[in-house]
Amino acid sequence: MTTTRFAWTAVFVAAATLMAPAIHAKTFKWSSASDIPTLDIHSQNNALGNGIHASIYESLVYYNSKTFKPEPQLATSWKLINPTQMRFTLRSGVKFSDGSTLTPEDVIFSINRSMAKTSNYAVYAQGIDKVVKVDANTIDIMLKSPNPVLLNQLTELRIMSKAWSEKNKSTEPKDIKTSEESFAHRNAMGTGQYMVKEWQPDQRLVLVTNPHYSGKNPTNVTEIVYTPIKSAPTRIAALLSGETDFVLDPSTQDLARLRSNSAINVMDGIEARTMFLGMDQHRDELPGSNVKGKNPLKDQRVRKALYQAIDMGAIKRVTMRDLSQNTGTLIAPQVNGWTKKADARFPYNVAAAQKLLADAGYPQGFEVDFACPNNRYINDEAICQAVTAMWARIGVKAKLRTQPLVTYFPMIQRYEASIYMLGWGVPTFDALYSLQSLLRSVGAGGDGNYNVGRYSNPQVDALIERVKVETDLKVRNELIEKALVMANEDVAYLPLHNQVIPWAMRKNVEVIHRADNRLDWRLIQVK
């Protein structure tokens, strides 16, 4: 089978024409660098976790992996009763893995749970006022105002059992910022095609077929074994030996060797995920900095100096080995609202950066804390090491510290990093998700839920509020562009690149490559 080098224009790449399910059941063994942070579906909004949760739980609608349009899942149909009322007809006969029947009350409970104070999923419930039962098979979602992306948002709001949650004292999501655990953190019970047999954090997760599953399921996989392996050489060795069937994140330095191996297939595609650096623009003094009594990162000139000191050409060529797409904005080209104007980068220019620092009052630079994950994104730690060296050329001494995913994200959400790395995927494929999460001032209902540098611009906030409710696509996209351009001029963030995602698998595995970097469990075949 020939491999696809880059899927620049397509949302997905098919490994092969999908075959009918085989007679014999198969185990699918796969790996990536990090473990999921939790099994609680409304706790930590993490792409790896969300993808695995989608094998255990279902949502009202879910994306078709070929068209990326929402299609029925727990809902069989929906219609707009009026601009602020959407009616959903539920699929009959749906059961949870314990045999209990899905009811409208479960849907109402789950959507309300996603809006709880401890939830990271309120951004997906943006615009929802309440959910009401119409009859035994029907619910209405009542909106505060028209919401043009409601269906896209609902693809990430999975449904859990109200009775199970109450019985196990898990009616509120686990607060990911604390170490306190709930039953739903380590256990799961959904209507999806698989259920949890075993989860040993940082060791392995085993899923087996849900005997009560009633959805579409052409796959021949009856058991899934996920093993987080932080070491890239060890992950690749496991794939080459047949210990695993699939690696979600092969290292860039191993790709040439993998592509030349007749037993391995490598697939590439641009992920709808943008890598960037955020900066604390809130504190009056940065912890650990040698600048006392003020915060250099509050100065737009300092932020622009940091931006222009980063040689993205070198990072793309050397660190990423060309498996990246440099960007000047916070969304990837597949996301609605992306424009060339918004994507324009400030040029790499060390002299200009040094002048900006001098003009801001820091001719000798300064010391600053710099935090990065070391097992979440492609070459995350190596990118941060490269940036640290580049900043040193202009006198900025970044004190780099790296952490694994499970401790890194709670840390930055507690506002404990001065400069931090984040990779932002867009499950809704609409810019509002990024605008609201990253640029909107921190507030309620998902506003600024990952704006951990606490950037705030009232004009940007006003534009985002209009984007939330505008139904005219042309007008709405103009508002999106204005907000993104304004944020660029403010240097709200330091954009780096859009990830190109290579997947590596043994030749007996067939999958569809998705721009959200998750597997569609319904379509996997192991021959």
Side-chain angles (χ1 to χ4, degrees), residues 32-54 114 116-124 156 158 172-182 184-186 199 201-202 205 226 228 230 248-249 271-280 282 287 330 369-384 400-427 433-434 436-440 442 446-455 493-494 496 499 516-518:
S32 72
S34 56
D35 199 5
I36 61 171
T38 181
L39 284 170
D40 190 321
I41 56 171
H42 300 129
S43 179
Q44 176 63 288
N45 183 16
N46 166 269
L48 178 67
N50 290 349
I52 290 178
H53 293 166
S114 76
K117 186 177 180 180
T118 54
S119 171
N120 259 222
Y121 287 75
V123 65
Y124 298 113
E156 289 293 76
R158 283 163 275 279
E172 295 283 317
K174 168 184 162 47
D175 187 346
I176 205 67
K177 299 174 189 175
T178 73
S179 58
E180 187 175 331
E181 293 188 4
S182 65
H185 169 62
R186 289 184 179 267
W199 181 38
D202 293 320
L205 170 69
Y226 175 70
K230 181 180 177 181
L248 189 71
D249 52 356
E271 187 185 14
R273 178 179 302 281
T274 300
M275 303 300 303
F276 56 86
L277 303 177
M279 298 157 288
D280 184 339
H282 177 76
L330 295 175
D369 165 63
F370 184 22
C372 286
N374 57 24
N375 67 346
R376 175 61 189 97
Y377 310 113
I378 298 175
N379 294 337
D380 44 16
E381 187 171 12
I383 294 168
C384 292
L400 179 62
R401 56 192 174 99
T402 65
Q403 296 180 9
L405 174 156
V406 292
T407 55
Y408 178 78
F409 288 101
M411 180 274 295
I412 64 171
Q413 287 193 284
R414 293 192 298 266
Y415 307 119
E416 293 176 2
S418 297
I419 303 180
Y420 57 91
M421 170 182 271
L422 193 58
W424 197 249
V426 187
Y433 178 76
S434 300
Q436 183 184 7
S437 300
L438 303 174
L439 294 176
R440 181 66 169 80
V442 176
D447 286 345
N449 67 319
Y450 260 92
N451 180 2
V452 295
R454 288 174 282 186
Y455 163 78
Y493 291 91
L494 309 180
L496 301 174
Q499 285 197 152
D516 56 5
N517 197 31
R518 69 174 62 173

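As a basis for the values below, the full set of heavy atoms in this structure was taken, side chains included, without hydrogen atoms, waters or symmetry mates.
Asp380 and Tyr408 share no side-chain donor-acceptor pair at under 3.5 Å. Side chain to side chain, Ser32 and Tyr226 meet the donor-acceptor criterion of an N or O pair below 3.5 Å. Under 3.5 Å, the side chains of Asp280 and Ser418 contain no donor-acceptor pair of N or O atoms. Under the 3.5 Å distance criterion, with hydrogens and angles disregarded, a donor-acceptor pair is assigned to the side chains of Asn120 and Gln413.
Aromatic pair Tyr124/Tyr433: ring centres closer than 6.0 Å. Checked against a 6.0 Å centroid threshold, the rings of Trp424 and Tyr450 count as neighbours.
At least one donor-acceptor pair closer than 3.5 Å links the side chain of Asn451 to the backbone N or O of Arg454. Put simply, the side chain of Thr118 gets close to the backbone of Pro173: a donor and an acceptor are under 3.5 Å apart. A side-chain donor-acceptor contact under 3.5 Å links Thr178 to the backbone of Asp175. Between the Tyr493 side chain and the Leu438 main chain, a donor and an acceptor come within less than 3.5 Å of each other. Between the side chain of Tyr455 and the backbone N or O of Leu439 there is no donor-acceptor pair closer than 3.5 Å. A donor-acceptor pair is defined here as one N or O able to donate and one able to accept, closer than 3.5 Å; no such pair exists between the side chain of Arg273 and the backbone of Gln499. Listed for the Ser114 side chain is no donor-acceptor partner under 3.5 Å among the backbone atoms of Tyr121.
Of all non-hydrogen atoms in Asn375 and Leu405, the two that sit nearest each other are OD1-N, 2.8 Å. For the residue pair Ala371 and Met411, the shortest heavy atom distance occurs at CB-CE, 3.8 Å. Looking at every heavy atom in both residues, Tyr420 comes nearest to Met279 through CE2-N, 3.8 Å. The minimum heavy-atom distance linking Leu205 with Trp199 is given by the pair CD1-CB, 3.6 Å.
Ionic pairing of Arg518 and Asp516 is present here: one or more N-O contacts between side-chain nitrogen and carboxylate oxygen are shorter than 4.0 angstrom. Ionic pairing of Glu381 and Lys230 is not present here: no N-O contact between side-chain nitrogen and carboxylate oxygen is shorter than 4.0 angstrom. Classification of Glu181 and Lys174 as a salt-bridged pair fails, no side-chain N sitting under 4.0 Å from a carboxylate O.
Judged as a salt bridge (Lys or Arg N to Asp or Glu O under 4.0 Å), the pairs with a partner in residues 409-427 (not counting sequence neighbours) are, in order, Arg414-Glu416.
Residue Ile41 holds its CD1 atom at 14.5 Å from CD1 of Ile52, rounded to the nearest 0.5 Å. Rounded to the nearest 0.5 Å, atoms OG (Ser43) and CD (Glu172) are 11.5 Å apart. Once rounded to the nearest 0.5 Å, the distance linking CZ of Arg376 with OG of Ser34 reads 6.0 Å. Within the model, atoms CE of Met275 and CG of Leu496 stand 7.0 Å from one another, a figure rounded to the nearest 0.5 Å. Atom-to-atom distance recorded for Glu271:CD and Ile378:CD1 is 7.5 Å, nearest 0.5 angstrom. Here SG of Cys372 is found 9.5 Å from CZ of Arg401. Values are rounded to the nearest 0.5 Å.
Residues Phe409 and Pro37 fail the side-chain proximity criterion, which asks for heavy atoms closer than 4.5 Å. Contact of the Gln436 side chain with the Asp447 side chain is registered, since non-hydrogen atoms from C-beta on lie closer than 4.5 Å. Two residues are said to be in side-chain contact when any heavy atoms from C-beta on lie closer than 4.5 Å; Asp369 and Pro287 fail this criterion. Within the 4.5 Å cutoff, the side chain of Asn50 has heavy atoms near those of the Asn45 side chain. Considering only heavy atoms from C-beta on, Phe276 stays 4.5 Å or farther from Met421 through its side chain.
Here the options are Asp35, Asp40, Ile36, the test is side-chain contact (heavy atoms from CB on, under 4.5 Å), and the partner is Thr38; only Asp40 passes.
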Checking Asn374 against Gln403 for the side-chain hydrogen bond (donor to acceptor under 3.5 Å, both in side chains) test, could you report, in this order, the C-alpha distance in whole Å, the side-chain angles of both residues, the deciding distance, and whether it holds?
CA-CA 6 Å; Asn374 57 24; Gln403 296 180 9; over 6 Å; no

